[in-house]
Each structure stands twice: as structure tokens, then as C-alpha cells.
Amino acid sequence: MLGNFIYYNPTKLYFGTEVQKNLVEALGNFGKKVLLIYGGGSIKTNGIYDTVTSALKETGKEVTELPGVMPNPTLEKLLEGIKVARDCDADLILAVGGGSTIDYAKGVAASAWFEGNAWENFWLKQKEPAPDQKVIPVGSVLTLAGTGSEMNGGSVITDEANKFKVGKVFGDRLIPKFSILNPEYTFSLPKNQMVAGIFDIMSHIMEQYFSGDDDSTSDYLAEGLMRSLIASSKVAVNDPTNYEARSNIMWIATWALNTLIGKGKTQDWEVHMIAHAIGAYTHATHGHALAAISPAYYKFIMSFGLHRFVRFAKVVWEIPSEGKTDEEVATAGINALADWIKEIGAASDVETLGVTEDMLDGIASATILGGGYKKLTREDVIRILKDSFKK
Ligand code: NZQ
Ligand code: ZN
């Protein structure tokens with residue numbers, strides 16, 4: 001562990017099936033006026049809405065509802081939420097849904113009482129709310145395991161008009177104060193969304209794992225999480241209501257991106273930058289966009305971090321190394337990743353996502369971060385995208 005860091009995470013997690021009881025306890029710590037934010041209506045068909053509203057009733061809250069948060073929430077929707085949150089003078093924002101709903105809730109919470117252009121200030125300029133600016137506390141009930149939004153400050157918003165999807169990672173004040181994690185709530189997810197969540201988790205771990213050269217405890221933690229994720233994913237794709245597998249996946253998702261396994265390390269995140277650019281052009285589901293480009297990206301950078309790709313192959317995929325060169329072992333590890341993508345049913349190419357040749361130039365404007373084993377050029381991004389078309 002070579003880096004200096006502070007680790008603090010304020011989210012109180014309630015894990016398991018006693019949601020109403022947990023929610024009643026958590027809601028007791030906040031004022032009367034609650035802004036309830038949710039997505040396109042899945043919580044009304046699977047019964048989650050009834051449980052949540054009954055806890056809100058039991059605690060005597062005055063509730064304002066803000067439904068309709070779409071996957072990859074838009075700037076236009078953010079502006080609507082800012083107005084609603086101000087008008088109802090919310091004491092708490094309760095987000096019930098997946099990453100989109102929770103990300104959006106944080107965006108509204110940060111922006112509602114900001115005097116000025118919130119999009120420009122928080123997302124484009126990446127500023128934090130001033131210490132004297134009011135920020136509304138956020139709590140969440142998670143319904144999709146993947147993003148880690150339930151225990152981090154991430155808030156990804158898309159400016160549709162300008163084809164620009166931007167992630168802002170807010171500081172402690174916007175990290176949910178509590179999150180309720182009931183693995184059973186993920187049972188109603190369509191398989192396509194479950195798989196997207198699973199690959200998103202894998203990608204979060206890899207983005208933090210494929211960087212640095214020192215002996216870091218964070219990397220050993222990452223390996224354990226990846227091994228557990230792979231094992232549980234294989235159970236869950238065949239038996240989606242297997243509580244053990246779904247509970248493992250939910251717990252891994254939270255630890256994959258609550259900043260723990262990135263501590264003391266440089267980090268990559270280039271796959272996410274390219275996938276966000278793909279999302280801005282195609283509205284592709286986040287996890288599938290990551291899956292479609294990951295094998296090509298990692299093959300492209302493999303030789304620049306060969307030692308880590310050899311370790312990934314041996315430890316995570318249990319590839320035997322006898323009689324093989326390091327390049328052969330490392331390549332076998334990335335091939336195992338590609339095979340797993342196919343096995344669980346995540347996207348294996350960018351055409352499936354709706355990417356066409358004429359979009360490549362625009363997608364290649366993806367932000368280049370340079371924290372991984374190779375800092376890409378624009379031409380490199382185009383080459384990786386071309387390598388991610390159907391073979
Ligand atoms: O809108 P509803 O009706 O809720 O339906 C959703 C949505 O259609 C559905 N769904 C969620 N839970 C369900 C369910 N359907 C049935 N049963 C359930 N239990 O699933 C669809 C996708 O939901 P969404 O919230 O969009 O998915 P996800 O959790 O993958 O979030 C994706 C967003 O998070 C951002 C992504 O860029 C994307 O905008 N990310 C946020 C991060 C963070 N906060 O740190 C990091 C990630 O890398 C990611 O960028
Ligand atoms: Zn992600």
C-alpha cells in the first residue's frame with residue numbers, strides 16, 4: 001500500500017429481508033417532508049412501492065412523489081427534480097430503484113438549493129457544493145445490484161442534446177445516509193438487466209485492479225470479490241431466484257464501488273469513459289456497453305501491464321501457467337473474461353448496442369484519464385472500438 005488516503009463512508013447499510021422494519025428505523029432520523037423518487041414503475045408491479053409507502057405512512061411522513069427517472073437520467077429530468085425538491089422543501093430524498101434513480105436523487109439533492117447553473121457547476125466543472133450551501137440528505141432502497149450508487153457519491157447525468165454523459169463523484173455529504181439492500185428485491189429484474197449489473201460490478205473491480213505495480217491489499221480484496229462474483233453469477237443466470245447467489249452479488253456490488261478497493265492506488269476507469277460515450281450516442285445499457293468493449297480494451301493494453309494480467313489469469317480465472325509464456329497466460333485470462341461475458345449473456349460486441357461506423361469519431365471524444373497501464377490516444381480508442389465489432 002503506497003498511497004496516502006483517508007477512508008470514511010457514512011452510509012448505514014441494512015441488508016436482508018426486513019425492509020419495512022429497517023426503513024421505519026432509518027426514517028426516524030429525518031424530518032417530516034420526504035421526496036420519494038423512483039423510476040418507470042417496476043416498483044409498483046413488484047410490491048416494493050407498497051412496502052416503502054407503508055413505512056412512510058407508519059412514520060407519519062408528508063410525501064411528495066417524483067416518478068419517471070429513466071435509465072441514464074437526463075439533464076432535462078434533473079431540472080424538473082430541482083424544482084420539485086425546492087417546492088416541497090424536502091427534508092430527505094428517498095430514492096427507490098437502481099443506479100439511475102439513486103444517482104439522480106443525489107443530483108437533485110446537490111442542486112436543489114444551488115443558486116446558479118447546477119449542471120455547469122457540479123458536472124461540467126466538477127465542483128462540490130459550498131460548505132454553506134444546503135444539501136438535502138439522501139437515503140436509498142436498492143432494487144438493482146450493479147452501480148454501487150447505494151454507498152458512493154456517484155451521480156451520472158446525460159445531456160441528451162449535446163450527447164454528453166458525465167459522472168460527478170460527490171463528496172461525503174451526497175453519499176446516501178442509509179441504504180436498504182434486500183436481495184429479494186432484485187428477483188424481479190429482467191435477465192438482461194441482472195446481467196448488465198453483474199458485468200458493471202466486474203468492470204468496477206477491474207478498473208481499480210488494472211493499475212499500479214506495488215503489493216497492495218486492495219488488489220487482494222479485488223481478487224476475492226471477482227472470484228465470488230464469477231461463482232455467484234454462474235448460479236444466478238441459471239437460477240435467478242437463488243437467494244444465496246443474489247445476496248452475494250448485491251454485497252459484492254456495494255464493496256466493488258464504495259471506494260474501499262481503490263484506496264492507496266492509482267485507478268484506470270478508461271473502459272467507463274468509453275462506455276459513457278457509447279451510452280451518450282446509443283442509450284445503451286451501461287453494463288452491456290462495458291462488456292462489449294472490455295476484451296478488446298484489455299488486449300490492447302495488456303503488454304503495458306503484463307505482470308498484472310498474468311496475475312489476473314492465474315488468481316481470478318485459475319489458468320495453469322506451466323509451459324506457457326507470460327503473454328500466453330495473460331491472453332488466456334482475457335479470453336476467459338470474454339468467454340464469461342458470453343456465458344452470462346452480456347453484450348459481446350458494440351453493434352448489438354447500436355454503434356455504427358459513423359459514430360466512432362464522436363465516441364472517440366471520450367475523456368482520456370491516463371490512470372491505467374497505457375494512456376490512450378484518440379486513434380487507440382477508435383482501434384479498440386473497431387476491435388469490438390462482431391468478428
Ligand atoms: O425504471 P424502473 O421501472 O425502476 O426500471 C428499471 C430500469 O428500466 C429496471 N429495474 C430496476 N430494478 C428493478 C427493475 N426492474 C424490475 N425489477 C427490479 N427490481 O432496470 C432498468 C435499469 O435501471 P437503472 O437504474 O438504469 O440501472 P443501473 O442500476 O445499472 O444504473 C445505471 C446508471 O448508473 C450509472 C450508469 O451510467 C447509468 O446511468 N452509474 C452510476 C455509478 C455510480 N453511482 O457510481 C457508477 C456506474 O459505473 C455507472 O456509471
Ligand atoms: Zn459502472
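Indexing begins at 1, ligand by ligand and atom by atom, following the structure's order. Only this structure's heavy atoms are used, side chains among them; waters, hydrogens and symmetry mates stay out. Starting from 1, each residue takes its place in the sequence as its number.
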Worksheet entry | Atoms in ligand 1 flagged as close to Asn152, the criterion being non-hydrogen separation under 4.0 Å | 43 (C), 44 (N), 45 (O)
Worksheet item: To the nearest 0.1 Å, how far is atom 22 (C) of ligand 1 from its closest protein heavy atom, and which atom is that?
Response: Gln193 OE1, 3.4 Å
Worksheet item: Quick one: which of Asn258, Thr11, Asn152 gives a side-chain contact (heavy atoms from CB on, under 4.5 Å) with Ile175?
Response: Thr11
Item to complete: List the closest protein heavy-atom neighbour of atom 19 (N) of ligand 1: residue, atom name, distance to the nearest 0.1 Å.
Response: Tyr185 O, 2.8 Å
Fill in: Pro71: numbered ligand 1 atoms lying under 4.0 Å from its heavy atoms
7 (C), 8 (O), 26 (O)
Worksheet entry | Check: Glu270 side chain, Leu369 main-chain N or O, donor-acceptor pair, under 3.5 Å | yes
Discussion item. Using side-chain heavy atoms (C-beta onward) and a distance below 4.5 Å, is Asp159 in contact with Val166?
Written reply: no
Fill in: Asp200, N/O/S atom nearest the Zn ion (ligand 2)
OD1
Discussion item. Would the distance check show the side chain of Lys265 and the main-chain N or O of Ser211 forming a donor-acceptor pair, the cut-off being under 3.5 Å?
Written reply: yes
Practice prompt. Answer yes or no: is there a side-chain heavy-atom contact under 4.5 Å between Ser140 and Met151?
Written response: no
Worksheet entry | Sub-4.0 Å protein heavy atom near atom 6 (C) of ligand 1 | no
Worksheet item: What residue and atom, counting heavy atoms only, is the protein's closest point to atom 41 (C) of ligand 1, and at what distance?
Response: Asp103 OD2, 3.0 Å
Worksheet entry | Nearest-contact summary for atom 4 (O) of ligand 1 - protein heavy atom, Å | Ser42 OG, 3.1 Å
Worksheet item: If you measure from the Lys or Arg side-chain nitrogens to the Asp or Glu carboxylate oxygens, is any gap between Arg378 and Asp361 under 4.0 Å?
Response: yes
Discussion item. With heavy-atom distances below 4.0 Å as the criterion, list the atoms of ligand 1 near Thr147.
Written reply: 28 (P), 29 (O), 30 (O), 31 (O), 32 (C), 34 (O), 40 (N), 41 (C), 42 (C), 43 (C), 45 (O), 46 (C)
Practice prompt. Answer yes if the side chains of Lys165 and Asn72 hold a donor-acceptor pair under 3.5 Å, and no otherwise.
Written response: yes
Discussion item. Tell me the nearest of Leu189, Thr158, Ile201 to atom 9 (C) of ligand 1, using heavy-atom distances.
Written reply: Leu189
Worksheet item: Using the ring of each side chain (for Trp, its six-membered ring), is His276 parallel, tilted or perpendicular to His286, with breaks at 30° and 60°?
Response: tilted
Worksheet item: Numbering the atoms of ligand 1 from 1, which are under 4.0 Å from a heavy atom of Leu257?
Response: 45 (O), 46 (C)
Worksheet item: Less than 4.0 Å between a side-chain N and a carboxylate O, is that true for Arg308 and Asp219?
Response: yes
Worksheet entry | Option with minimal heavy-atom separation from atom 37 (O) of ligand 1, where the choices are Glu207, His288, Lys106, Lys165 | Lys165
Worksheet item: Looking at atom 23 (O) of ligand 1, what's its closest protein heavy atom, distance included?
Response: Leu144 CD1, 3.5 Å
Worksheet item: Would you say Glu328's side chain and Thr325's backbone share a donor-acceptor pair under 3.5 angstrom?
Response: yes
Discussion item. Yes or no: does Met70 have any heavy atom under 4.0 Å from an atom of ligand 1?
Written reply: no
Worksheet item: Any side-chain heavy-atom pair from Phe178 and Phe30 closer than 4.5 angstrom?
Response: yes
Practice prompt. Examine the proximity of ligand 1 to Ile48 and report which part, side chain or backbone, both or neither, has a heavy atom under 4.0 Å away.
Written response: neither
Worksheet entry | His204 N/O to ligand 1 N/O under 3.5 Å | yes
Fill in: Taking atom 49 (C) of ligand 1 as the reference point, the nearest protein heavy atom with its distance
His286 NE2, 3.3 Å
Practice prompt. Could you pull out the atom name of the N/O/S atom in His204 that is nearest the Zn ion (ligand 2)?
Written response: NE2
Worksheet item: For atom 50 (O) of ligand 1, which protein heavy atom lies nearest, and how many Å away is it?
Response: His276 NE2, 3.0 Å
Worksheet item: Parallel, tilted or perpendicular: which describes the rings of His204 and Trp269, with under 30° parallel and over 60° perpendicular?
Response: tilted
Practice prompt. Would you mind finding which of Ser100, Gly40, Ser149, Ser188 brings a heavy atom closest to atom 25 (O) of ligand 1?
Written response: Ser100
Item to complete: Look at ligand 1 and say whether Gly41 reaches it with a heavy atom at a distance under 4.0 Å.
Response: yes
Fill in: Interfacing atoms of ligand 1 (cut-off 4.0 Å, heavy-atom, His272)
48 (O)
Discussion item. Can you confirm whether the side chains of Ser228 and Asn248 place a donor and an acceptor under 3.5 Å from each other?
Written reply: no
Practice prompt. Pick whichever of Thr143, Thr285, Asp200, Thr259 has a heavy atom sitting closest to atom 11 (C) of ligand 1.
Written response: Thr143
Worksheet, complete the sentence: If we number the atoms of ligand 1 from 1 as shown, the ones under 4.0 Å from a heavy atom of Val156 are 35 (C), 37 (O), 40 (N), 41 (C), 50 (O)
Item to complete: Evaluate the ring planes of Tyr298 and Phe309, with Trp represented by its six-membered ring, and classify them as parallel (under 30°), tilted (30 to 60°) or perpendicular (over 60°).
Response: tilted
Response to the item:
So the atoms of ligand 1 within less than 4.0 Å of a heavy atom of Asn72 turn out to be 38 (C), 39 (O)
Worksheet item: Mind checking whether Met273 and Ile301 sit in one hydrophobic cluster, side chains of I, L, V, M, F, W, Y counted as touching below 4.5 Å?
Response: no
Practice prompt. Please identify which atoms of ligand 1 are closer than 4.0 Å to at least one heavy atom of Gly99.
Written response: 25 (O), 28 (P), 29 (O), 31 (O), 34 (O)
